Amino acid sequence: MAYTYDDQNIFAKILRGEIPNDTVLETEHSLAFRDINAQAPTHVLVIPKGPYATFDHFAAEASDAEIVDFNRAIGEVCRMTGVAADRGDGYRLIANAGADGVQEVPHLHVHVIGGHMLGRMLQPAR
Ligand code: DGP
């Protein structure tokens, strides 16, 4: 089955400049900005500029340059926000996908979350 992408999602609108954002980092292929509904002192979303809905979509169809840029952008955000494991107290990366992953915005985004103890990784479904 082919991947699809809805260019009316809110992050596509942010990338087109139709909606403002609190940018942390912009690179050739990626954008990082603060989550509007922060769950921790550090909560930044890193997105590729290309039209990819999920991580598996990105991994399948993005260029090597996009993939390298995106991964380096995530690492740079960790350093810039002070949570990087070499100097800070660590962080968690989350990339929700699809219905079971409870993905609200269908444009790949990695949450960089840190700044306090985050607790266990998952809570059981109820
Ligand atoms: P997810 O469930 O992984 O799809 O999380 C989507 C996140 O996006 C959620 O933490 C809130 C955030 N978000 C939604 N709309 C906006 C927006 O317009 N601006 C910003 N900065 N964040 C948004």
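Bear in mind the structure is a predicted one, so any value in this text is a computation, not a measurement. Atoms within each ligand, like the ligands themselves, are counted from 1 in listed order.
Remark: Asp89 CG is loosely packed, at most 12 non-hydrogen atoms of other residues, nucleotides or ligands lying under 6.0 Å away. For Tyr5, the OH atom is densely surrounded, since the number of other residues' heavy atoms within 6.0 Å is greater than 12. Within 6.0 Å of CZ on Arg72 lie no more than 12 heavy atoms contributed by other residues, nucleotides or ligands.
In terms of the side-chain contact (heavy atoms from CB on, under 4.5 Å) criterion, residue partners of Glu66 (sequence neighbours excluded) are, by chain and number, His29, Tyr52, Phe58, Ala62, Ser63. Applying the salt bridge (charged side-chain N to carboxylate O under 4.0 Å, His left out) test to Glu26 and every residue at least two apart in sequence or in another chain returns Lys49.
Listed by chain and number, Ile10, Phe11, Ile14, Phe33, Arg34, Asp35, Ile36, Leu45, Asn96, Val102, Gln103, Glu104, Val105, His109, His111 each place a non-hydrogen atom less than 4.0 angstrom from ligand 1.
Under the 4.5 angstrom side-chain criterion for Ile, Leu, Val, Met, Phe, Trp and Tyr, Tyr3 has no cluster partners at all.
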